[in-house]
Amino acid sequence: MENTLFILGVNHRTAPVAIRERLAFAEAEVAPALQRLKQSTGLGEAALLSTCNRVEIIGVTSEPEQAEDEVARFLAADRGVESGTFSDALYHFNGRDAVRHLFRVAASLDSMVVGEPQILGQLKLAYAQAAEAATVGLVLHRAFHKAFQVAKRVRKATLIGHGSVSVSSVAVSLAGQIFDTLGDKTAMLMGAGEMAELTARHLKGLGIESLLITSRTFDRAVALARELGGTAVPFENYKPYLRIADILIGSLSIPKPILTHGEVEAIIRERKYRPMFLIDLGVPRNFDERLNEIENIYLYDIDDLDAVAQKSLGDRAREAEKAEEIVVEEIDAFLKWLAELEIVPTIKDIRVSMERLRDLELTRHRAWLRTLEPAEREHIEMLTRGLVNKLLHRVLSGLRHNESNSPDAINTAEIARRLLCDTNGVNPEAKEIDDLEDDLIEDSSDDGDPL
């Protein structure tokens, strides 16, 4: 199949954050990486989805098995990671399975917290980045937009998104387990993106007394602080504020941890060992994993949130079953479109072939047709065209019906091509037509009458 949808990647179920962070792409890295991917693999189209929970390459290929090896090698080389480090965590999907996976991701059925809304925005960003890099074509364009429609339909038809369950809300609920009360605590957000903003809103909802916000984009920190009643802290001057932060939430896009073991050890001593709760939402991680070794430091990363999230999934599990049924329906609709796309060249060839047959018969009877009145010749022209169109309708309807119900659709289309056309897509009587036309041109002394 020429246009097979292909997906290869890792996610929170197959790889720990220690592996995911090494394979992750920062937002600015995606477009250049897609260009390198197209140059080094056989993918005809490509997109890249990189979030805190997954890194996936979504493409279109005619050779899925070859693509699996090529894309895995690209991922290892481009990220500078030995393939053996993550090979056991890789999954890949082709065809129907790939379509199902893409639709489930969009509908938040494959998320750490089923029903969380952030993944749809992340998927839309991945599509926009691929469009900007000019690596998305007809198939991925249709696949992504169909995925967005699936997500919208699932949201409208089920209660899967109801309730305040998200990665950020889970993080804040953990803070409530560490401290008896949040009313007298100070929280500091490092990063002012969507995840950080959602976390800040949850904290404010639970009555956090003081909220500090720092970001490498200070204007964004100021705007968010103004909106939430917090205080913006310049990023180059955030460290003195760490000693007053009871809750520290990292959501920065950085290549390596920003807080080291030694720095935090000094801070907890200044705090006279009053507990600090650290939530690391970054991938790559913002905080050194060894911070958990320090007395009264409680560090949770994105993987640690999974256990807490599972407790919130009871009602959503029932709604997820309804969502899965919607996904299956939409898969069939997309595959029907994709299979029709596969037989378009055959349809075109058959139409050209039958039209040439009609022209051949009219040419053979040219001398007789010349004796008729113009209106009569026009009637015969319409009659023969109508007959060809009716035959074409039956043939092409049969092909389309077959593609939606048979796994051998493409083989059937190829048989139809061979019966009605030669291997070059031309009618088997093409040579006879050409020879006859040459003879007629030599013998004809007419005035160019089309019949």
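We use all heavy atoms of the structure for the numbers below, so side chains are in, but hydrogens, waters and symmetry mates are not.
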Q. Would you find a donor on one side and an acceptor on the other, under 3.5 Å apart, between the side chain of R274 and the backbone of D246?
A. no

Q) Does a sphere of radius 6.0 Å around CD in E270 hold more than 12 heavy atoms from other residues, nucleotides or ligands, not counting ones at 6.0 Å or beyond? A) yes

Q) Will you find, in the side chains of E263 and T260, an N or O donor that is under 3.5 Å from an N or O acceptor? A) yes

Q) R271 versus N296: any side-chain heavy-atom pair under 4.5 Å? A) no

**Q.** Check: E116 side chain, Q118 main-chain N or O, donor-acceptor pair, under 3.5 Å
**A.** yes

Q. Can you check whether T14's main-chain N or O pairs, donor with acceptor, with N11's side chain at less than 3.5 Å?
A. yes

Q) Any side-chain heavy atom of K322 within less than 4.5 Å of one from I326? A) no

(Q) In the structure I gave you, are the side-chain heavy atoms of Q129 and L48 within less than 4.5 Å of one another anywhere? (A) no

(Q) Are the side chains of D301 and E289 in contact, using a 4.5 Å heavy-atom criterion? (A) no

Q. Can any side-chain N or O of R36 pair as donor or acceptor with the backbone N or O of F74 at less than 3.5 Å?
A. no

Q.
Donor-acceptor check, side chain of R220 to backbone of A192, threshold 3.5 angstrom: yes or no?
A. yes

(Q) If we check side chain to side chain contact (heavy atoms under 4.5 Å, CB included) with D303, which of these qualifies: V17, D280, V283? (A) V17

Q: Output, in order, the C-alpha distance, side-chain angles, deciding distance and verdict of side chain to side chain contact (heavy atoms under 4.5 Å, CB included) for L34 and L37.
A: CA-CA 5 Å; L34 285 171; L37 176 65; 4.3 Å; yes

Q) Should L109 and E324 count as side-chain neighbours, where that means a heavy-atom distance under 4.5 Å? A) yes

Q: Dump the intermediate steps for side chain to side chain contact (heavy atoms under 4.5 Å, CB included) on L259 and L242, then the final yes or no.
A: CA-CA 10 Å; L259 286 183; L242 293 174; 3.8 Å; yes

Q: For L43 and A46, work out which heavy atoms get closest and say how close.
A: CD1-CB, 4.2 Å

**Q.** Centroid separation F235 to Y238 less than 6.0 Å
**A.** yes

Q: Give the C-alpha distance, both sets of side-chain angles, the deciding distance and a yes or no for side chain to side chain contact (heavy atoms under 4.5 Å, CB included) between I7 and I57.
A: CA-CA 6 Å; I7 296 176; I57 291 174; over 6 Å; no

Q.
Would you call the rings of F93 and Y91 parallel, tilted or perpendicular, taking 30° and 60° as the class edges?
A. tilted

Q) Would you say the side chain of V71 lies within less than 4.5 Å of the side chain of L75, judging by non-hydrogen atoms? A) no

(Q) Has T61 got a side-chain atom pairing as donor or acceptor with E63's backbone, closer than 3.5 angstrom? (A) yes

Q.
Quick check against the 3.5 Å criterion: does T214 have a side-chain atom that pairs as donor or acceptor with the backbone of V233?
A. yes

Q) Would you find more than 12 non-hydrogen atoms of other residues, nucleotides or ligands less than 6.0 Å from F148 atom CZ? A) yes

Q) Does the side chain of R79 come within less than 4.5 Å of V55's, by heavy atoms? A) no

Q: Go through the steps to decide whether R54 and R20 satisfy the test side chain to side chain contact (heavy atoms under 4.5 Å, CB included), and finish with yes or no.
A: CA-CA 7 Å; R54 67 183 67 245; R20 299 199 308 274; 5.9 Å; no

Q | Taking every non-hydrogen atom, the tightest pair across D288 and H261 | A | OD2-N, 4.3 Å

Q. Stepwise, does the salt bridge (charged side-chain N to carboxylate O under 4.0 Å, His left out) test hold for R201 with E227?
A. CA-CA 10 Å; R201 292 186 185 280; E227 183 178 350; 2.3 Å; yes

Q. Is the backbone N or O of A107 less than 3.5 Å from a side-chain atom of R155, with the two atoms forming a donor-acceptor pair by type?
A. no

Q. When M190 is tested against each of I254, I213, L248, L281 for side chain to side chain contact (heavy atoms under 4.5 Å, CB included), which residue passes?
A. L248

Q) For the residue pair E45 and L140, what are the closest heavy atoms and their distance? A) OE1-N, 2.9 Å

Q: Mark yes or no for whether R153, through its side chain, and E330, through its backbone, hold a donor-acceptor pair below 3.5 Å.
A: no

Q) Can a donor-acceptor pair be found between the side chains of Q66 and E70 at a distance below 3.5 Å? A) yes

**Q.** Minimal non-hydrogen separation, M112 against N53, with atom names
**A.** CE-OD1, 3.5 Å

Q.
Any non-hydrogen side-chain atom of L182 less than 4.5 Å from a side-chain atom of I247?
A. yes

(Q) R290 vs E265, test: salt bridge (charged side-chain N to carboxylate O under 4.0 Å, His left out). Steps then yes/no. (A) CA-CA 11 Å; R290 295 175 301 163; E265 199 169 38; over 6 Å; no

Q) Between D78 and A33, what is the shortest heavy-atom contact and its length? A) OD2-CB, 4.3 Å

Q: Please report the closest heavy-atom contact between C52 and I302, naming both atoms and the distance.
A: SG-CD1, 3.9 Å

Q) Relative to the ring of F144, is the ring of Y127 parallel (under 30°), tilted (30 to 60°) or perpendicular (over 60°)? A) tilted

(Q) For G9, is there any backbone N or O sitting under 3.5 Å from a side-chain donor or acceptor partner on E56? (A) no

(Q) I need the single residue from L189, L224, T231 that forms a side chain to side chain contact (heavy atoms under 4.5 Å, CB included) with L211. Which is it? (A) L189

